[in-house]
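Start at 1 and go down the list; that is how both ligands and their atoms are numbered. The model shown is predicted, which means the values in this text are computed figures rather than measured ones.
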Amino acid sequence: MQLTDSRLFRQQAYINGLWVDAQNKGVLSVTNPADNTVLGTVPNLGRLETKSAIVAAYDAWPSWRNQTAKERATIMRRWFNLIMENQTDLAQLMTAEQGKPLAEAQSEVAYGAAFIEWFAEEAKRVYGDVIPEPVPGRRIMVIKQPIGVVAAITPWNFPIAMITRKCAPALAAGCPVVIKPAESTPYCALALAELAERAGFPQGVINVVTGMPQEIGLELTSNPLVRKLSFTGSTMVGKLLMEQCASTVKNISLELGGNAPFIVFDDADIPAAITGAIASKYRNTGQTCVCANRFLIQAGIYDEFATQLAQAVNQLQVGNGLAAGTQQGPLINMAAVEKVESHIQDAVTQGAQILCGGHRHALGGTFFEPTVLTGVTAQMRIAHEETFGPVAPLFRFNTEAEAIALANDTPFGLAAYFYTRDLGRAWRVAEALEYGMVGINEGIISTEVAPFGGMKESGIGREGSKYGIDAFLEMKYLCMGGL
Ligand SMILES: NC(=O)c1ccc[n+]([C@@H]2O[C@H](COP(=O)([O-])OP(=O)(O)OC[C@H]3O[C@@H](n4cnc5c(N)ncnc54)[C@H](O)[C@@H]3O)[C@@H](O)[C@H]2O)c1
Ligand SMILES: O=C[C@H](O)CS(=O)(=O)O
């Protein structure tokens, strides 16, 4: 990891504008998933330090919310500019701690920064209402105010974008934030804090607490000063945090797991579908919440699609994310490798065939061969569980109705994709799919301008777009009488 600005590599937590250690000096090691070398450490904070971060945020809230939207936007714009000026260093940090190829890391930095740019503008468009009074002598109004201290808990797979997708709207709305990044990828979060300090955010408005999640999580979810929890991660942890928030009736937003179907109909543009399949399935080595998890291929083009997909998958370059040309980095840890292997083994035991890949990569460690399985059925684990790895299981279907039923047969409802050149089918299928986001002839659809989020057990609420700031606002009705 070669940084131009070494001050971006921070090994302390950030609370109330200060870089701090754990009170007991405890630390967690952070390793590079490509070679398991230790990159450094971060403090292992507990409930006491987390409480101090929450109090710092609460104390900073009045001055932050009383700044005008334009003043907040100016600081956010400076933060955006600083992130983009340091894009190369941030990408190096991200690839070192998360493993994704440098090109993908560069893209994520820009994607994450785009949420700050977008919500710096949205800050200035938090409008209220004046409602025609139902009786004489009254005036009826609605105003929107910042909800208060926001706790943001984020995953390892997008160490910058999952933080800014929450914190940008929160800060724009006038809320202070306490961020708990994933313990395996804390350095990008701490670099964002360093750049936020340079941008002029007042002390206490942005705080980053590092350490093992359980203790920190208990404080964030139970402390009454925290009015909003915004979580991105697994559905299992999301359900736990939802329960923990109940004691103080916290407002929550949840961005959870997925099980995306990728449907290809007989009338599809097959080369375009192959391009979309590679982009959707193998981005971040299959470790994204919106990765295609099931490929539903209509019988008439099944063999053609399988052959062309395997040819494209065999071209993918596996290696250290810092190496030029790498397209598939390592999985985040050995548990991820074991989950991928268990899905493949379960499928093959039940009759699926390995068309390409299927095994740990010759590079060793957590590298895995990009894989395509055929003959996959709904009885297999890979049909119902999020693989979160570079495995494309192909299912065969005959009719449109069968494809929709297969696609919707899951508790998840985040993203779905399908390829067709029939306009009527496009509308029928898009409206029938039970997912928060649908890609039609596109395999990558995430953008700051559109609402990101799912239904069913994939979450609550939306991030990004003109809707994203609503999660951090309270609506207040004013009735002025005696006029
Ligand atoms: N919907 C989305 O936008 C989205 C985006 C990225 C990842 N994800 C999902 O996240 C999962 C992968 O990420 P992950 O492995 O980091 O998920 P995870 O749920 O294991 O961890 C997510 C975050 O929660 C924290 N956490 C874990 N247990 C906790 C507890 N008891 N109390 C408080 N915090 C706790 C972790 O430290 C981490 O910061 C996948 O299911 C993926 O689909 C969803
Ligand atoms: O993994 C989840 C991210 O939200 C993926 S994306 O970059 O937003 O598509």
Side-chain angles (χ1 to χ4, degrees), residues 28 42 44-45 47 50 98 100 104-105 107-112 114-115 151-166 178-186 189 208-222 229-245 253-260 279-280 283-293 331-333 335-336 339 385-389 412-415 417 435-437 439 442-448 450-464 468:
L28 294 181
V42 289
N44 185 15
L45 303 186
R47 291 194 72 159
T50 305
Q98 196 271 337
K100 66 179 65 178
E104 287 192 32
S107 297
E108 184 190 334
V109 174
Y111 173 55
F115 289 102
I153 300 178
T154 55
W156 51 262
N157 63 340
F158 286 80
I160 283 182
M162 297 304 97
I163 289 175
T164 58
R165 199 167 73 182
K166 298 176 182 307
V178 179
I179 302 162
K180 193 215 75 66
E183 53 277 21
S184 42
T185 56
V208 181
V209 292
T210 59
M212 289 311 290
Q214 287 75 9
E215 284 294 300
I216 296 171
L218 280 171
E219 189 59 36
L220 292 175
T221 54
S222 64
L229 175 76
S230 183
F231 171 72
T232 297
S234 64
T235 293
M236 179 188 73
V237 174
K239 290 179 178 178
L240 170 68
L241 297 178
M242 203 172 177
E243 286 174 11
Q244 290 180 193
C245 284
S253 294
L254 300 173
E255 289 287 352
L256 305 178
N259 182 6
S280 174
R283 179 162 67 111
N284 202 11
T285 314
Q287 301 170 116
T288 93
C289 58
V290 291
C291 279
N293 201 59
L331 293 174
I332 190 70
N333 55 36
K339 181 175 186 182
E385 298 173 9
E386 187 178 41
T387 303
F388 232 57
F412 295 101
L414 190 59
Y417 311 88
Y435 291 85
M437 301 175 282
E442 286 292 348
I444 301 282
I445 58 178
S446 304
T447 166
E448 74 280 6
F452 188 105
M455 54 180 78
K456 297 164 69 176
E457 295 193 19
S458 285
I460 299 172
R462 293 297 183 269
E463 295 188 329

What atoms in ligand 1 come closer than 4.0 Å to a heavy atom of [X]?
| X | result |
| --- | --- |
| Gly217 | 33 (C) |
| Arg165 | 2 (C), 3 (O) |
| Glu183 | 36 (C), 37 (O) |
| Asn157 | 6 (C), 7 (C) |
| Gly257 | 41 (O), 43 (O) |
| Pro155 | 6 (C), 7 (C), 13 (O), 16 (O) |

(request) Considering heavy atoms of the protein only, find what lies nearest to atom 8 (O) of ligand 2 and give residue, atom and distance to 0.1 Å. (result)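 Protein heavy atom at minimum distance: Tyr111 OH, 2.7 Å.
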(request) Do me a favour and list the nearest non-hydrogen protein atom to atom 5 (C) of ligand 2 with residue, atom name and distance? (result)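 Looking only at protein heavy atoms, the one closest to atom 5 (C) of ligand 2 is Phe158 CE1, 3.7 Å.
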Hey, does [X] sit under 4.0 Å from ligand 2 if you only count heavy atoms?
| X | answer |
| --- | --- |
| Arg283 | yes |
| Gln287 | no |
| Met162 | yes |

Can you check whether [Y]'s main-chain N or O pairs, donor with acceptor, with [X]'s side chain at less than 3.5 Å?
| X | Y | value |
| --- | --- | --- |
| Lys339 | Glu386 | yes |
| Gln287 | Asn284 | yes |
| Thr235 | Glu457 | yes |

(message) Please report whether atom 34 (N) of ligand 1 has a protein non-hydrogen atom at a separation of less than 4.0 Å.
(response)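 For atom 34 (N) of ligand 1 the answer is yes, since some protein heavy atom falls inside 4.0 Å.
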(request) May I ask you to identify, for Cys289, whether its side chain, its backbone, both or neither come under 4.0 Å of ligand 2 on a heavy-atom basis? (result)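 The answer is both.
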(request) Please state which part of Thr232 comes within less than 4.0 Å of ligand 2, counting heavy atoms only: side chain, backbone, both or neither. (result)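 No part of Thr232 comes within reach of ligand 2.
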(request) Please say whether Thr288 places an N or O atom under 3.5 Å from an N or O atom belonging to ligand 2. (result)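 Checking ligand 2 against Thr288, no N or O pair falls under 3.5 Å apart.
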(request) Looking only at distances, please establish whether an N/O atom of ligand 1 is found under 3.5 Å from an N/O atom of Ser458. (result)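 Not met; the criterion fails.
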(message) Tell me the nearest of Pro181, Pro159, Pro213, Ala151 to atom 30 (C) of ligand 1, using heavy-atom distances.
(response)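 The residue whose heavy atom sits nearest atom 30 (C) of ligand 1 is Pro213.
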(message) Pairing donors with acceptors under 3.5 angstrom, does anything connect the side chains of Arg47 and Ser222?
(response)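 A pair is found: one side chain offers a donor N or O, the other an acceptor, under 3.5 Å apart.
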